[in-house]
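Below is one structure; the comments refer to it alone.
The residues of the chain are indexed from 1 along the displayed sequence.
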Amino acid sequence: MSQAANEQPPAQQPSTGVRIVKILAIALPLLFVAWFAISMIFGAFQLAGAASLFKSGYSGKDAAAIKQAGAQAAAGMARIDTAISSPPMRIAAFIPWVGAAVGNTQHFVSAGNEVVQASVPITESFDPNMYSNGAVNLVALDALLKQAPELNTALATANEELANVTSFGPLGGLFANARDEAQAYIGLGEFATGRVAPQRQLILDALGANGPQNYMIAFENPAQLRAPGGAPLSAAIVAFDQGKMTIPFNGYIAGDAFKGHPIIQYNPASPPPWSEPGGLGFVNSGAHPDWRLAGEDLIRSWNTAKEPKVDAMIGLDTRAIEALIRATGPIEVEGYGTLTADNFAQKVVTDAYLDFQSDQRVRQSLNDKVAEVMIGRLMSGDLQTLASAAVALAAEAPGRHLQMRFQVPGLQQIAVDAEAAGEVYQTPDHDTVGFFSRNRNMSKVDVYSEREMISNVTVNADGSANVEQVLTVKNNAPADLDTNEKIGYTTAWSANEWFFYLPLGATDPKIAAPEGYKKPSTHPDGLGRIVATTEGMIAPQATDQITFSYTIPAGTFSKDGGGYSYRTQLNPQPMQQSVALTLNVAFADGANCTSSPDWQATGDGAVWTGEQSIRRTLNLECS
């Protein structure tokens, strides 16, 4: 019987080979996804377990647990790295936009794997008795310092990986924030392993290996500014002897250390007008804009009059304390309540002077308690607290909210290298934006001072420059302060001496100030630089302008082969409020400045806007 005309022939079945290909096309991606997910999840669990094991091993002084934690972390990190670096994921990183997230993850994992794998030998020999009962085990620390430089290569590689993380693509903002935070920790690690660890004996001696060492922490109050920061109205001494830490002094300078502010006749490191022949009180001795001299004078003043003698002066202001609170958690102090990074300055620096107007000793005792809590946290020995605190303080050093002056040259050099020496930094062939104030009437309104600096620079054809810096200052004192009296804690009037640093090699410094200001003068700063100064008073809610001008010599900003290279160094005064800064650079014969980063081209030059908040150098390349 023949097949009907409308019937279709039976479908041809695919060959076995085709079926296998189809099955593999479905199964392999599923298997990869399953393997990838399992690797990432199990790796994450291993890392979390390793962190918990290390923490319990450290607190329980269990060296075996710490060793196991290191091995477990390495295994977990390697598992994750293998998964994220697999060929399919490498290919996925090239997918437009979405692949950016894959690439960012790969860089993070690679950085983490580098550091974790390199840390395994250290965890294998780590002594959990590094810190106990307020004492550093110097033998254990010495062993750790010997090994630490082994991390240098891994940290450098990790930093290179993190530098490749971008804000582009999905979750780009989160990746960028995580990159910045990770780089802060990596940077701290690089400094510790590359700069600090090789100075093993210096570090051990600093912890009292060869005799007691005393370090004073001066808590600088920005309500009453000095040129290098706030007035050091409170202080604490942290002492080390054979690694054992104690606090022989913590309190209010005028009550717990001295009765009032007696004159101390010490040998000053600073020249006039920052020192006086008849001596100064301790809180007034650290008046020089550069902490290398201000800190030294505070040391000399204290050591002339008080015991124990101190070997270093560490300035810590409210911005630095806010950073510590943000990193380590809020502080509970009866009388202040809960102090957070957001309300610390308001409660402690501004509100307290009015809340405790009838008895300032109450305010002072509360501040002592704040210092006790913060020092207690730093002396706890908790590694996470110490790491978080170190990163937070390192971030505040370029703004001079943390400043250190050591009498041991090696320690001082470490502070300089870390940009924590509180320098007014000037080098030849640079312009400078460096202006500072010194409170002259004991008022507490400096914290309300609002400042803006506009620097107008004209670069001439011969590479010289004429500079005019216009400083605008508003005394934004609250209305409930005393407007009748012009001197005292609660006056609303602002009285300051102003200091302007002349760039090295510059000439013809001039200050134009409002009527009633002191006649301008210039002084050597004792470090080979020149400072111009004037002094005046600003009424409540009033605004004054002070103009500082000078000339920079020919050839300073000329480039070989033509064009210009304008360079300026920003030197901030540590303040609670940042200063708005505008740099207007014009070229007398015109120039093309479109290629310079962070600058905006104008018709005859370029402009930079930002904050005078950290030490930095700006470069403007023009043709």
Between side-chain atoms of residues 531-542 and protein atoms elsewhere (two or more places apart, or another chain), which donor-acceptor pairs fall under 3.5 Å?
residue : atom : partner : partner atom : Å
Thr533  : OG1  : Glu497  : OE2          : 3.2
Thr533  : OG1  : Trp498  : O            : 2.9
Thr534  : OG1  : Lys518  : O            : 2.6
Gln541  : NE2  : Asn476  : OD1          : 3.0
Gln541  : NE2  : Ala477  : O            : 2.8

Quiz: residues 174-185 side-chain donor-acceptor pairs under 3.5 angstrom, not counting sequence neighbours:
residue : atom : partner : partner atom : Å
Asn177  : ND2  : Gly173  : O            : 3.4
Arg179  : NH1  : Val165  : O            : 2.9
Tyr185  : OH   : Ser388  : OG           : 3.4

List the atom pairs, with distances to 0.1 Å, where a side-chain N or O of residues 270-280 and a protein N or O form a donor-acceptor pair under 3.5 Å, not counting sequence neighbours.
residue : atom : partner : partner atom : Å
Ser270  : OG   : Asp297  : OD2          : 2.6
Ser275  : OG   : Ser270  : O            : 2.8

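Judged as a disulfide bond (SG atoms under 2.5 Å apart), the pairs with a partner in residues 574-623 (not counting sequence neighbours) are, in order, Cys593-Cys622. Judged as a disulfide bond (SG atoms under 2.5 Å apart), not a single pair has a partner in residues 453-484 (not counting sequence neighbours).
Looking at Ile299 and Phe406, their side chains never come closer than 4.5 Å, going by heavy atoms from C-beta outward.
For Glu160, there are no side chain to side chain contact (heavy atoms under 4.5 Å, CB included) partners two or more places apart in sequence or in a different chain. Residues that satisfy the side chain to side chain contact (heavy atoms under 4.5 Å, CB included) test with Asn460, not counting sequence neighbours, are Thr458, Asp462, Ser464, Asn466, Ala588. In terms of the salt bridge (Lys or Arg N to Asp or Glu O under 4.0 Å) criterion, Arg400 has no residue partners (sequence neighbours excluded). Remark: Asp525 pairs with Arg529 by the salt bridge (Lys or Arg N to Asp or Glu O under 4.0 Å) rule, at least two apart or across chains. Partners of Glu621 according to the salt bridge (Lys or Arg N to Asp or Glu O under 4.0 Å) rule, which considers only residues two or more places apart in sequence or in another chain, are Lys559. For Thr427, the side-chain hydrogen bond (donor to acceptor under 3.5 Å, both in side chains) partners are His430, Gln569, not counting sequence neighbours. Take Gln413 and apply the side chain to side chain contact (heavy atoms under 4.5 Å, CB included) test, not counting sequence neighbours, and it matches Arg195, Val416, Asp417.
Geometric assessment of Arg300 against the ring of Tyr266 yields a negative cation-pi assignment under the 6.0 Å and 45° thresholds. A cation-pi arrangement is present between Lys444 and Tyr489 under the rule of less than 6.0 angstrom and at most 45 degrees off the ring axis.
Checked against a 6.0 Å centroid threshold, the rings of Phe499 and Phe436 do not count as neighbours.
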